[in-house]
Structures are given as structure tokens and as C-alpha cells.
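Chain identifiers are assigned alphabetically (A, B, ...) following the order of the sequence lines, protein sequences preceding nucleic acid strands; residue numbering begins at 1 within each chain.
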Number of protein chains: 2
Amino acid sequence: MPWRGSSITSMSAPPVTDRDLASAAATYFRDLQGRICSAFEALEESGTFTHRAWSRPEGHRLHGGGETRLMRGRVFEKVGVNVSHVWGNLQPQFKTQIPGAEESHGKFQACGISLVAHMHNPHVPAVHMNLRYLSTSRAWFGGGSDLTPTFPDAEDTAAFHDALRGACDSYRADAYREFKEACDKYFYLPHRQEPRGVGGIFFDQLASSDPSADFAFVRAVGEAFLGVYPQIVARRKDTPFDAAAREQLLVKRGRYVEFNLVYDRGTQFGFGTDADPEAYLMSLPPLVRW
Amino acid sequence: MPWRGSSITSMSAPPVTDRDLASAAATYFRDLQGRICSAFEALEESGTFTHRAWSRPEGHRLHGGGETRLMRGRVFEKVGVNVSHVWGNLQPQFKTQIPGAEESHGKFQACGISLVAHMHNPHVPAVHMNLRYLSTSRAWFGGGSDLTPTFPDAEDTAAFHDALRGACDSYRADAYREFKEACDKYFYLPHRQEPRGVGGIFFDQLASSDPSADFAFVRAVGEAFLGVYPQIVARRKDTPFDAAAREQLLVKRGRYVEFNLVYDRGTQFGFGTDADPEAYLMSLPPLVRW
């Protein structure tokens with residue numbers, strides 16, 4: 001049975017006390033997926049998203065479902081926008097890695113949206129955005145967004161950071177500085193001594209005394225992304241480029257692969273599960289040169 | 001100062017008792033590198049190997065040197081054949097990972113040859129070959145070779161395995177079965193539930209009561225490789241192929257990247273050191289599609 005966002009509440013009750021928040025987050029992520037895909041399709045000259053819904057019935061260690069959306073076009077060479085909502089019991093090796101999982105005896109719930117866009121034109125930056133809600137014996141939000149240009153452009157970088165700063169400022173005064181630093185630290189390739197791109201924000205284990213404020217911040221990040229990235233694409237997608245610039249893009253993408261396969265926690269988590277590699281490796285670029 | 005194989009013995013003495021064996025192994029690997037590169041150049045229609053010698057003087061934690069040889073041509077789309085010989089003190093985190101390194105107080109010596117070839121024609125299999133000698137408070141050989149076709153060909157697979165079997169049989173009766181099984185186990189992608197290719201042999205910590213017999217086996221593997229792989233290339237390099245077959249090759253190469261960045265011990269070791277990423281990432285294919 002294909003998974004439908006609206007049917008998620010009819011499945012077995014998540015083993016946590018924060019059902020309403022999880023359900024609201026899942027509903028928001030699902031809605032955001034739809035709006036982002038519409039915005040991207042409006043910019044794409046050839047192609048639309050293909051949708052693939054998946055579900056795992058109860059009886060699996062982790063059950064629930066999700067929907068992957070993938071578009072391969074002339075502007076968006078490869079873009080994936082995935083949502084999922086799963087709950088159940090973690091594999092034993094993750095109990096010590098995920099906060100509160102020992103206390104919950106491995107009970108776990110997660111929903112999220114994950115997006116990576118690799119663009120055909122070397123003057124359009126690649127982008128990543130991820131928002132998620134997790135709960136064990138504790139509950140928290142995490143996520144972030146970062147921009148990876150082959151040829152950094154000051155205007156794009158400023159617009160991207162300004163949008164994210166706006167979301168952060170609506171949350172608390174020091175959030176932007178803190179989450180920007182965390183992003184620079186996380187999206188770094190030690191073996192190359194290179195940052196992955198021009199940064200953005202990164203946050204994890206966000207659990208203030210007011211979960212509804214945390215959720216409002218996560219929504220603000222989603223809206224900030226939707227407000228700024230399509231504008232950057234629209235501005236840059238017709239910039240002329242030559243074969244040499246395209247080659248530089250393919251080489252830059254190699255760094256992206258190295259980061260995601262070697263360091264990215266989400267990908268590492270995927271390797272440790274029996275999840276579909278096509279989902280957690282969605283981030284890998286369409287064409288890469290080394 | 002560029003490194004020269006012949007000058008290695010004039011550098012500081014390796015802190016081990018097996019200087020003669022290490023020196024003989026390094027000399028053999030260096031010689032094998034030259035003969036393999038000549039054989040590959042004879043098959044290549046456009047291009048020759050570029051040589052890059054490197055050295056690290058004493059004062060570095062690990063010192064010594066090596067030479068990377070890289071060719072990008074029409075037959076060999078990207079092939080690297082590297083040799084190195086280093087000694088000194090391991091970084092503390094490796095002391096518990098490398099046998100005998102705690103007893104040697106981190107003193108370490110290694111020399112080896114490492115080869116990966118990615119071929120332009122989808123009907124020529126990619127290949128990997130690695131031979132190495134390591135010493136701490138103990139000393140051993142390791143290595144192997146495996147074949148990764150996009151379109152497996154029974155004749156090529158049989159020829160490759162027969163050659164390696166010959167090398168193994170000259171060592172001991174059960175070596176081929178044991179090293180073939182180890183290869184199938186090692187070159188496997190659990191997240192894809194796929195083998196990397198059609199196998200070969202893999203061995204590590206080879207340290208019998210007769211080190212000269214171990215070294216003779218390692219040389220037999222080198223000679224077997226040189227005897228069979230150029231023949232496979234010669235037989236397949238002019239096989240006609242279409243764009244769809246080439247696309248399948250690029251997708252197959254993605255699995256190679258996933259294996260090397262996620263599972264390969266040599267690559268993992270490289271990430272943990274301050275070694276040149278261009279050397280330990282030499283194995284990454286020239287062009288890849290996901």
C-alpha cells in the first residue's frame with residue numbers, strides 16, 4: 001500500500017508522549033515537500049518530479065512510510081526531496097548513539113524532510129536542506145541547510161545567509177551565530193582541509209523548554225529556504241558557461257561525495273540500517289569526476 | 001628532493017630487525033611498478049604515465065617516500081600505480097588497530113604497491129591490485145587483486161582466477177580457496193547486498209615460519225597479475241559498445257566509490273592520517289553517475 005501522509009495517524013500509536021508534535025511536524029514536512037517541488041518544477045524547463053511512496057507495515061523493527069520525489073531535468077540535473085515518518089525499535093548498536101534511546105529501551109520515532117539539489121549550470125550552487133523531529137525518551141528537532149557553489153557568488157551567499165539569519169533571529173538572539181558556526185564545523189572535509197561550501201546553518205538536539213517555539217523555528221527555516229533558494233536558481237540558471245566550468249563543477253561534486261560517504265551522520269546511519277540505499281544515497285550527484 | 005628507489009637505503013635505518021626483507025620487498029614493488037606501467041603504455045593508444053615522486057624527510061612522524069604514476073588515456077580512462085616506503089611512528093589512534101604496534105611503541109614500517117585501473121570500454125573490467133609489507137614488533141605481507149566488470153565475461157573471469165590460483169598453488173594447497181573466500185567477503189557492499197565484482201584473492205597478516213616463502217608468494221601474485229590483466233585488456237579493448245553500455249559502466253563505478261569511501265581499510269587508514277588525499281583517493285573513478 002502506498003504511503004499517504006494523511007493515513008499516518010491511523011497506524012499504530014507511536015510509543016511516545018509527544019504524538020501531537022510528531023504528527024504536526026510530519027504534516028508540515030509533507031506540506032513543505034509539496035510546495036518546494038512545485039517551486040522547483042516551475043523553474044525546470046524539462047521534466048517533473050517522479051513520486052515513489054513506500055511503507056513498511058508493523059512487524060518490521062521500524063515501521064511507517066515515506067515518499068521520495070526525484071527530478072532529473074535540464075536546470076535541476078538531479079534533485080531529491082524526501083519525507084518519511086517511521087517508528088519502532090532501533091537496532092541495538094544505535095541505542096548508545098542516539099540520545100535517550102537506552103532509557104526508551106530502543107523505542108524511537110523520527111519524521112523529516114531531506115533535500116539535495118545538484119544543478120546543471122555550474123553557476124547555480126548545489127544546496128542541501130534537512131529538517132527532522134526525533135523522539136526516544138526525549139524529543140528534539142534537528143536540521144539545517146547549506147549552499148555549495150562551484151564558483152562562489154557574494155550576492156548568492158549573502159542572500160542565502162540573510163534568509164537563514166532571519167529564521168534564526170525569530171527564535172533567539174544568538175541562534176544564527178551558533179548554528180552558522182556549527183554548520184562551518186560540520187560541513188568540513190578534514191582530509192582536503194576544505195569547507196564543503198559557503199555554509200549555512202546546522203542544529204541538532206534542539207529541545208528548549210517550549211517545544212512549540214522549536215517547531216516554529218524549524219518551520220521558519222523551511223520557509224526561509226523556500227523563499228531564497230528558488231530565487232537564486234532563477235537568477236543564475238541562464239548564466240553562460242563553458243566546458244571548463246562544467247568540468248570544475250564535476251570535480252567539486254567529488255568533494256560532495258567524499259563528504260557524504262565518509263562523514264555525513266545521516267548517511268552513516270543509513271549504512272547501519274536495512275533502509276533503501278536509493279533513499280539515503282539520494283544526495284549523491286548525477287555525474288562526478290575525479 | 002624527488003624520491004628515488006635506489007636512495008631509500010641511504011636514509012635512516014628502519015627501526016625493525018627485518019631490514020633486508022623490507023628493502024627487498026620495496027625493490028620488487030618498485031620494479032613491478034615499472035614493468036606494469038610499460039605493459040599498460042604498450043596497450044594505450046593515447047597518453048603515457050605521468051610520474052610524481054614525493055618524499056618526507058626525517059622529522060615527520062612517518063618519513064620515507066614514494067612515487068605515484070597516473071595515466072589518463074583512451075583505453076585506460078584512469079589508472080594509478082603507486083609505490084611507497086615509509087617508516088617512523090604511528091599516530092596514537094592506530095596503535096591499537098595495527099597488530100604488534102603497541103609492543104613496538106608505535107614504530108612502524110610499510111612498503112607497497114597499489115594499483116587501480118578504470119577502463120573506458122565498458123567491456124574491459126576494472127581491476128585492483130595491492131601488495132604490501134608491514135612491520136611493527138611483527139612483520140607480515142598483505143594484498144590481493146580483484147576484477148570488477150560491468151558486464152561479467154566468463155572467459156575473463158576464468159583467466160583472472162586461473163592466474164591467481166597458480167600463484168596461490170605455488171604457496172600452499174589451500175591458499176587459493178582461503179584467499180578467494182576472503183576476497184568475496186571483503187569486496188562486498190552490505191548496503192547494496194552486492195559483491196563489488198567477480199572476486200579474486202585477498203590476504204592479510206601473512207606471516208608463516210618462512211618469510212622468504214611469503215615474499216615469493218607475493219611476487220608470484222604480482223607476476224600473475226602482470227601475466228593476465230594486460231591480456232584481458234588486449235582482448236576486450238576494441239569490443240564495440242553503445243551509449244547505454246557506457247552509462248551502465250558509470251553507474252557500476254558508483255558502487256566502486258561507495259565501497260572505497262565507506263568500507264575500504266586502506267582508504268579509511270588514509271583518512272586518519274595527514275597523507276596526501278590524491279594518493280589514497282587515486283582509486284576513485286574518472287567519471288561516475290548516480
Side-chain angles (χ1 to χ4, degrees), chain A residues 68 70-72 76-80 91 93 116-118 120 126 188-194 196 243 246-290, chain B residues 68 70-72 76-80 91 93 116-118 120 126 188-194 196 243 246-290:
Chain A
T68 62
L70 185 72
M71 178 165 69
R72 292 180 187 261
F76 291 83
E77 192 174 335
K78 181 182 175 188
V79 53
Q91 286 176 276
Q93 70 266 33
V116 175
H118 295 285
H120 183 80
Y188 183 77
L189 288 80
H191 67 288
R192 298 277 186 189
Q193 299 183 281
E194 285 176 15
R196 175 161 99 165
R246 176 78 184 162
E247 285 301 298
Q248 278 188 260
L249 168 65
L250 301 191
V251 169
K252 180 74 178 171
R253 286 179 180 169
R255 309 299 203 256
Y256 211 93
V257 174
E258 291 173 21
F259 181 83
N260 279 33
L261 292 182
V262 179
Y263 302 110
D264 188 66
R265 286 179 215 157
T267 310
Q268 292 298 320
F269 183 76
F271 279 114
T273 67
D274 59 349
D276 178 8
E278 296 300 335
Y280 62 83
L281 297 180
M282 170 269 285
S283 62
L284 297 179
L287 197 64
V288 183
R289 189 176 290 288
W290 272 282
Chain B
T68 62
L70 185 72
M71 177 164 70
R72 291 180 188 262
F76 290 84
E77 191 173 336
K78 181 182 175 190
V79 52
Q91 286 176 277
Q93 70 266 32
V116 175
H118 295 285
H120 183 79
Y188 183 79
L189 288 82
H191 67 288
R192 298 276 187 189
Q193 300 181 278
E194 284 176 17
R196 176 161 98 165
R246 175 81 183 158
E247 285 301 299
Q248 278 187 259
L249 168 65
L250 302 190
V251 169
K252 180 72 179 171
R253 285 178 180 170
R255 309 298 202 257
Y256 211 93
V257 174
E258 291 172 20
F259 181 83
N260 279 32
L261 292 181
V262 178
Y263 302 109
D264 187 66
R265 286 180 214 156
T267 310
Q268 293 297 320
F269 184 76
F271 280 115
T273 67
D274 58 351
D276 178 8
E278 296 299 336
Y280 62 81
L281 296 180
M282 171 269 283
S283 62
L284 297 179
L287 197 63
V288 184
R289 188 177 291 289
W290 273 282

What residues, two or more places apart in sequence or in another chain, satisfy side-chain contact (heavy atoms from CB on, under 4.5 Å) together with [X]?
{"X": "B:Met282", "result": "B:Asn82, B:Ser114, B:Val116"}
{"X": "A:Arg289", "result": "A:Glu247, A:Leu250, A:Val251, B:Leu287"}
{"X": "A:Ala117", "result": "A:Phe76, A:Val79, A:Met119, A:Val127, A:Tyr229"}

_side chain to side chain contact (heavy atoms under 4.5 Å, CB included) between A:Val257 and B:Glu258, intermediate numbers included_ = CA-CA 9 Å; A:Val257 174; B:Glu258 291 172 20; over 6 Å; no
*Do any of residues 259-268 of chain B come closer than 4.5 Å to chain A, heavy atom to heavy atom, and if so which ones, in number order?*
B:Leu261, B:Val262, B:Tyr263
*Under a 4.5 Å heavy-atom cut-off, does chain A meet the side chain of B:Gln193, its backbone, both or neither?*
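It is neither, since no heavy atom gets under 4.5 Å.
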*Quick one: CG on B:Leu281 to NE2 on A:His191, what's the gap to the nearest 0.5 Å?*
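Here the interatomic distance stands at 5.5 Å.
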*Shortest non-hydrogen contact from B:Lys78 toward A:Trp290*: NZ-O, 3.6 Å
